[in-house]
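Shown next, in structure tokens, is the structure this report addresses.
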2 protein chains.
Amino acid sequence: MPWDFKSDRPIYTQLIEQIELKIFSGEYPPGAKLPSVRDIAQEASVNPNTMQRALAKLEEDGLVITHRTSGRSITEDIELIKKAKNQLAKQQIAEFLEKMKLMGFEKTETLALITDMLEEMKK
Amino acid sequence: MPWDFKSDRPIYTQLIEQIELKIFSGEYPPGAKLPSVRDIAQEASVNPNTMQRALAKLEEDGLVITHRTSGRSITEDIELIKKAKNQLAKQQIAEFLEKMKLMGFEKTETLALITDMLEEMKK
DNA sequence: ACTATTGTATTAAGCGCTTAATACAATAGT
DNA sequence: ACTATTGTATTAAGCGCTTAATACAATAGT
């Protein structure tokens with residue numbers, strides 16, 4: 001199935017993010033082999049060049065390892081994954097709180113809205 | 001001072017968002033007159049055409065009113081503003097929770113992380 | 001040894017975003 | 001009545017993103 005993209009950001013940045021999420025959530029576990037650029041690009045319905053660009057960034061960050069002719073795999077460095085995951089989480093939270101603050105919501109108000117929505121989602 | 005933009009999204013969408021935030025927070029109160037396209041564009045350090053594009057969207061949503069030759073002003077429809085504000089807040093929360101979920105954080109875990117960060121910010 | 005598969009690189013085209021320059025119509029303010 | 005200011009429109013250029021087509025080097029797997 002084609003992956004889900006918003007039209008307001010470059011696809012390659014969204015690919016990076018979505019693959020990161022798959023790694024952090026364990027859908028791509030440490031050491032797992034990734035599909036080839038061509039295959040994963042087709043799966044996501046994007047051009048191989050675009051996927052390549054995203055994978056290059058993930059490799060730069062150490063989350064993905066490239067084996068010249070036998071494809072790519074997720075790093076086995078569990079600590080690295082955990083660190084990256086916590087860093088992203090912190091960033092997400094900070095950005096979110098910042099936006100809510102700019103909208104004029106007090107901290108306690110923001111917290112209340114979240115608990116409300118979590119309650120709703122339980123049903 | 002030039003406004004703050006990230007490089008991973010079109011400027012005009014960020015302008016829309018930032019002006020919305022100014023409206024919701026009360027920095028641009030209901031009925032207030034906006035600077036002219038040229039002035040506000042210069043303030044934000046963007047091209048007038050780009051600012052025009054953002055304002056056109058805000059006008060489409062009814063948050064901003066255009067007076068052909070005497071500039072623009074924020075709507076006086078307080079209810080409309082409140083509705084838009086709550087809708088954006090809900091969307092922000094939903095997107096945030098969705099991302100955390102995709103990262104593999106449980107709801108209670110996410111909540112704990114937020115309260116932690118709020119505690120930290122108090123200091 | 002051969003072959004298919006891997007990552008990688010290059011070129012050209014199309015598209016949207018952004019800027020710059022310029023012009024016009026309408027009217028508030030004098 | 002005049003003038004400066006308002007929003008609006010148009011054209012051209014540059015840039016990054018994305019796609020498509022194609023090719024190459026390296027090697028796992030047989």
Side-chain angles (χ1 to χ4, degrees), chain A residues 1-20 22-23 28 30-76, chain B residues 1-20 22-23 28 30-76:
Chain A
M1 79 215 120
W3 297 7
D4 193 43
F5 301 115
K6 313 236 163 179
S7 63
D8 76 338
R9 272 193 314 159
I11 293 178
Y12 84 96
T13 61
Q14 299 185 57
L15 286 173
I16 295 170
E17 186 178 298
Q18 292 191 30
I19 296 174
E20 275 180 347
K22 287 177 195 296
I23 296 174
Y28 289 160
K33 195 168 178 318
L34 278 176
S36 74
V37 203
R38 292 168 178 81
D39 286 352
I40 195 173
Q42 191 176 24
E43 183 190 326
S45 297
V46 300
N47 191 278
N49 294 328
T50 306
M51 182 57 75
Q52 168 82 7
R53 187 167 181 178
L55 292 172
K57 171 72 165 104
L58 290 169
E59 194 185 346
E60 197 184 309
D61 295 340
L63 287 172
V64 160
I65 311 289
T66 300
H67 315 285
R68 188 64 179 74
T69 59
S70 64
R72 290 183 165 91
S73 57
I74 308 298
T75 180
E76 294 184 349
Chain B
M1 78 214 118
W3 297 7
D4 194 42
F5 302 114
K6 313 234 162 178
S7 64
D8 75 338
R9 272 192 317 158
I11 294 179
Y12 84 95
T13 61
Q14 300 185 57
L15 285 173
I16 294 169
E17 186 177 297
Q18 293 192 29
I19 297 174
E20 274 179 347
K22 286 176 196 295
I23 295 174
Y28 288 161
K33 197 169 177 316
L34 279 176
S36 75
V37 203
R38 293 169 178 81
D39 285 352
I40 196 174
Q42 192 176 23
E43 183 189 326
S45 296
V46 300
N47 191 278
N49 295 327
T50 306
M51 182 57 75
Q52 168 83 6
R53 188 167 181 178
L55 292 172
K57 172 71 164 100
L58 290 170
E59 193 185 347
E60 199 184 308
D61 295 339
L63 287 173
V64 160
I65 311 288
T66 300
H67 316 286
R68 189 62 179 74
T69 57
S70 64
R72 289 184 167 91
S73 57
I74 308 297
T75 181
E76 294 184 349

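Throughout, a chain's letter reflects where its sequence line sits, starting with A, and its residues are numbered from 1. Quantities reported herein were computed from a predicted structural model and do not represent experimental measurements.
Within residues 4-12 of chain B, no residue places a heavy atom under 4.0 Å from DNA chain D. Of all the residues in residues 50-59 of chain B, B/Gln52 reach under 4.0 Å from DNA chain D with at least one non-hydrogen atom.
If you measure from atom CG of A/Asn47 to atom C1' of C/dT8, you get 13 Å, rounded to the nearest angstrom. Atom-to-atom, CD of B/Gln42 to C1' of C/dA20 comes out at 14 Å; the value is rounded to the nearest Å. Atom-to-atom, CG of B/Leu15 to P of C/dC17 comes out at 13 Å; the value is rounded to the nearest Å. Summarising the geometry, the separation between CZ on A/Arg72 and C1' on C/dT8 is reported as 9 Å, rounded to the nearest angstrom.
Residues B/Ala41 and B/Pro48 share a closest heavy-atom pair of CB-CA, 3.7 Å.
The shortest side-chain heavy-atom distance between A/Ile19 and A/Leu55 falls under the 4.5 Å cut-off. Between A/Val64 and A/Tyr28, the closest side-chain pair of non-hydrogen atoms is not below 4.5 Å.
Residues passing the side-chain hydrogen bond (donor to acceptor under 3.5 Å, both in side chains) test with A/Thr69: none are found, sequence neighbours excluded. Partners of B/Asp61 according to the salt bridge (charged side-chain N to carboxylate O under 4.0 Å, His left out) rule, which considers only residues two or more places apart in sequence or in another chain, are B/Lys57. Listed by chain and number, the residues in a side-chain hydrogen bond (donor to acceptor under 3.5 Å, both in side chains) with A/Arg53 amount to none (sequence neighbours excluded). Looking at residues two or more places apart in sequence or on another chain, you find no salt bridge (charged side-chain N to carboxylate O under 4.0 Å, His left out) involving B/Arg38. Qualifying side-chain contact (heavy atoms from CB on, under 4.5 Å) partners for B/Glu59, counting only residues two or more places apart in sequence or in other chains: B/Thr66, B/Arg72. In this view, A/Asn47 and A/Asn49 satisfy the side-chain hydrogen bond (donor to acceptor under 3.5 Å, both in side chains) rule, not counting sequence neighbours. The side-chain hydrogen bond (donor to acceptor under 3.5 Å, both in side chains) search around B/Lys33 returns none, not counting sequence neighbours. Partners of B/Glu17 according to the salt bridge (charged side-chain N to carboxylate O under 4.0 Å, His left out) rule, which considers only residues two or more places apart in sequence or in another chain, are A/Lys99, B/Arg9.
At the phosphate of D/dT6, OP1 or OP2 sits under 4.0 Å from a side-chain N or O atom of B/Ser36.
Using a distance-only test at 3.5 Å, with no hydrogens or angles considered, no donor-acceptor pair links the side chain of B/Gln52 to the main chain of B/Val37. At least one donor-acceptor pair under 3.5 Å links the side chain of B/Gln18 to the backbone N or O of B/Asp4.
Nearest-nucleotide assignment on DNA chain C puts the 5′-proximal partner with A/Leu34, out of B/Pro48 and A/Leu34.
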For nucleotides 22-30 of chain C, print each protein N/O atom paired with a nucleotide N/O atom at under 3.5 Å, atom names and distance only.
residue	atom	partner	partner atom	Å
C/dT27	O4'	B/Thr69	OG1	2.8

Return one dot-bracket line describing DNA chain D 5' to 3' (Watson-Crick or G-U wobble pairs, both distances under 3.5 Å; ( ) same strand, [ ] crossing, | another strand, . none). ||||||||||||||||||||||||||||||
